[in-house]
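Scroll down for the structure; my scribbles are underneath it.
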2 protein chains.
Amino acid sequence: MQSPLELRHLRTLLALADTGSVSRAAQRVSLTQSALSHQLKALEDHYGTALFERKTLPLKLTAAGKRLISLAETVLPAVGAAERDLARIAFGEAGQLRIAVECHTCFDWLMPAMDCYRERWPEVELDIVSGFHADPIGLLHEDRADLAIVSERDEAEAVRYFPLFSYEVVALLAHGHPLAAKPYLSAEDFAAETLISYPVPDDMLDLIRQVLRPAGIQPKRRTSELTIAILQLVASRRGIAALPQWAVQPYLDRGYVEARPITTDRLYAQLYAATLPTRAGLPYVEDFVDVMRETSQLNLPGIVLLAE
Amino acid sequence: MQSPLELRHLRTLLALADTGSVSRAAQRVSLTQSALSHQLKALEDHYGTALFERKTLPLKLTAAGKRLISLAETVLPAVGAAERDLARIAFGEAGQLRIAVECHTCFDWLMPAMDCYRERWPEVELDIVSGFHADPIGLLHEDRADLAIVSERDEAEAVRYFPLFSYEVVALLAHGHPLAAKPYLSAEDFAAETLISYPVPDDMLDLIRQVLRPAGIQPKRRTSELTIAILQLVASRRGIAALPQWAVQPYLDRGYVEARPITTDRLYAQLYAATLPTRAGLPYVEDFVDVMRETSQLNLPGIVLLAE
DNA sequence: CACAAATATGATTCAAACTAATAATATTTA
DNA sequence: TAAATATTATTAGTTTGAATCATATTTGTG
C-alpha cells in the first residue's frame, strides 16, 4: 500500500498502453492478469488517483496514466541503453553475428530488426549468411553462422532455441477459384492443384511438412523467388499458394487474390532463433533476439509472440 | 539472484556515490548496512561486474558503476518530476505555504530550500511569516501559518512533526580567552560570562534550555540580530556565544574566533517542521519537508538528518 | 600488532508480490 | 434477448525475496 514506484510498474504501464488490455499486458510482461490487476490497484492507491478507465476496450488512460506513460517512455529506453553499456563493459567488446536464414519471407521482418539492432550495437558485425541453406543449424556447428532462424525445434541438436513468434499460413486463390467456395481448405484440396512456392526443399514449407505429407499428398510444384511473383501466378490461375498471412495482408486488402484458412484448425508456423549454447548467454546475442521479437511484434499484423 | 534493475537500486547507488561509503549510504536510504551490502552484491552478480572498489575510502566507482550513476542522475529526477505532477493531478492545484520560523540561523538554509522548492512547485504561494514568534505552533492553530520550524516536539500539541536534522551547538570564544584553555565548557563556565545571542526569549536558545536553566545558571545577556555581529562581539571580548557549528565553520577556518564543545556530551540541537494534521498529508507540504532535508544535507556541513 | 571502522556473510523473518480460483461485469454472437 | 465469450476484480493462499539481526572478515591506523 505504501510501496514506491519501481521500474516494474513502468514496464507494466507501457505494456498496458501498448496492448490496451490488462490481460494482454500481463502476457507481455510474463505475469498473470491477476498480478497486474493487483499491481495497478496498488499504484492507483499509492497516487490516490485512477490511471485508466477499465470500462472501455481498448482501455483509456487518464491524465495521470498518460503522465506515467510519458515517464516510462523516457526512462525505460534510458535504462535499456545503460544496461547494454554495462554488458559491453562486463563482457568486453562484442563480436560478430552471422545470421543463417532458411525462409524467404523472413527477410521482410529481419531487415527492420537488423536496422534497429545496428543502432544499439554499432560495434557488432552483422551479416546474413548468403543464400538459402537446407540445414542452417549445421552452419552453426561449422562456425559459418552464429545464429539461425528455423521453423522447428530439433531437441536432438545441441543448440539453444529462442522462441520468436507464431503466425498463420493461409491458402491463396484467384477470385472465383472453385476452392474459394469452401470456408477452409483441407489437405485433399491441394492434390489436384499446382502449388506455387519459393524454390526450397519440401521440408522447409510448413504446408507440406505439417499438412500435405502427413496426408500423403504430393501436388505439382512450381516455384518463384519473389512473393509478388507468386501472387501474380496465383491471380492468373496457374495454381494456389500458401504464405504467411502477415506477408499478404496488403494484397488481400486490395482484393488482388483471396485467402482461406488451411484445415479446420488453421495452419500456424513458428519461428525460433538457434545458437550454440556457448553463445546463447552473450548479451549482444540475447539482445538481438529481443530486437527481433520487438520489431516483428510492431511491424507484422496478427503475429503472436511465443513464450519461453 | 536474477532480479532485474529497479529504481531502488538507482537510489541506493546515488546515495553510495554521494556519501562514499556503504554504511552512510544505508543511513541515507533508511536501510541497514547489511541490506545495502546484499543489494549491491546482487546487482553486481546480475551484471557480472564490480560496480565499485570497496578497498578504498571514499570508495571508487568502476566504469560500470559510473554508467549506472549517470543513469540514476537522469532517471531519478525525471521520476520525481512525474510524481509531483501526479500529486498535482490527484490533489488538484496546490495552495499556499506560509512558514513560521523561530530561529535566526534557520534563514541560512531555508532560503536555498525555498529557491529549490519554487522550481518544483511554481504554483504554490511560498511565504515566510514575518518577524519572530514566541509560539510558532500557535500561528498554525490561528491559521496564520501552514508550517512551523521548531526545535522541540511538544507531544501535547495536536500537530504533526516532521524531523529535519540535528546539529552541534558550539561555544565561541575570543583567542586567548581563559576558558579557551579548557577542552570543553560546562554550565558553570557561563555563570560569570556575558552571553551574546540573538534577541529571542530564553526558551528559544538551546544553550539555556538544555544546559544553563537545568543547572540554575543565568548569565548576563547581550543581543544582536546578525551572526556576524555576534561573532564580532565575541572576537572583541565582550562575551561568549553559542551558535550552530555549521553556521560558524567558515569563521573558525579563518581563525576569527575559537570554538569549544559544550559539556562532555556536546550540545546538540534538533529541528522539526510542524503542521496541522489536516495539512500533513498534502503532497506539496510533504515535498517541502523533503526539499528542506535535501538542501540542508547538501549545504550544511556536519549536520545529521533525523530519522522518522 | 592490536584496535576500530567498514564491509561481507549466513540465518531468520516478514511483507510484498504472485498465482489460482472464482465472482462480477462487459462485450460479442446467435 | 439470451447465451457465449472476454475482461477485470476480489479473495485467499503461497512463494519469494528483500530486509534485519547476529556475527565473521577485512582494512586502515595509532
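Each chain gets a letter, A, B and so on, in the order its sequence line appears, and its residues count up from 1.
- In this structure, Lys41(A) atom NZ and dA9(D) atom P are separated by 9 Å, rounded to whole Å.
- Note: NE2 (His9(A)) to C1' (dA17(C)) measures 9 Å, nearest angstrom.
- In this model, the phosphate group of dA5(C) is not approached by any side-chain N or O of Ser23(B) to a distance below 4.0 Å at OP1 or OP2.
- On a pure distance criterion of 3.5 Å, no polar donor-acceptor pair joins the side chain of Gln33(B) and the base of dA6(C).
- Distance, Leu36(B) CG to dT9(C) P: 15 Å, rounded to whole Å.
- One interatomic measurement links the two molecules: CD of Gln39(B) to C1' of dT20(D), which rounds to 14 Å at whole-angstrom precision.
- Between the CD atom of Glu6(A) and the C1' atom of dA18(D) there is a distance of 11 Å, given to the nearest Å.
- In this structure, CD of Gln27(B) is placed 14 Å from P of dA5(C), rounded to the nearest angstrom.
- Atom P of nucleotide dT7(C) and atom CZ of Arg24(B) are separated by 8 Å, given to the nearest angstrom.
- By the 30° and 60° cut-offs, the orientation of the rings of Trp246(B) relative to Tyr167(B) is perpendicular.
- Per the geometry, CG belonging to Leu40(A) stands 15 Å off C1' belonging to dT10(D), to the nearest Å.
- The shortest side-chain heavy-atom distance between Leu252(A) and Val257(A) falls under the 4.5 Å cut-off.
- Arg8(A) comes within contact range of the sugar-phosphate backbone alone, with a heavy-atom separation under 4.0 Å but no base atom that close.
- Side-chain atoms of Ser34(A) and base atoms of dA20(C) include a donor and an acceptor less than 3.5 Å apart.
- In this model, no side-chain donor or acceptor of His38(B) finds a partner on the base of dG17(D) within 3.5 Å.
- Distances were taken from every side-chain heavy atom of Ser37(A) (C-beta onward) to each of dT7(D), dA19(D), dT10(D); the shortest belongs to dT10(D).
- Relative to the side chain of Thr32(B), the nucleotides dT7(C), dT8(D), dT20(D) differ in distance, and dT20(D) lies closest.
- Salt bridge Glu294(B)/Arg120(B): present, at least one basic N to carboxylate O contact under 4.0 Å.
- When each of dT20(D), dT8(D), dT26(D) is scored by its nearest atom to the side-chain atoms of Lys55(B), the top-ranked nucleotide is dT26(D).
- Counting non-hydrogen atoms of neighbouring residues, nucleotides and ligands closer than 6.0 angstrom, the NZ atom of Lys182(A) exceeds 12 such neighbours.
- Using a 3.5 Å distance cut-off with no hydrogens or angles, the side chains of Glu83(A) and Tyr47(B) do pair a donor with an acceptor.
- Among the heavy atoms of the strands lying under 4.0 Å from Leu31(A) are primed sugar atoms or P, OP1, OP2 only; no base atom is included.
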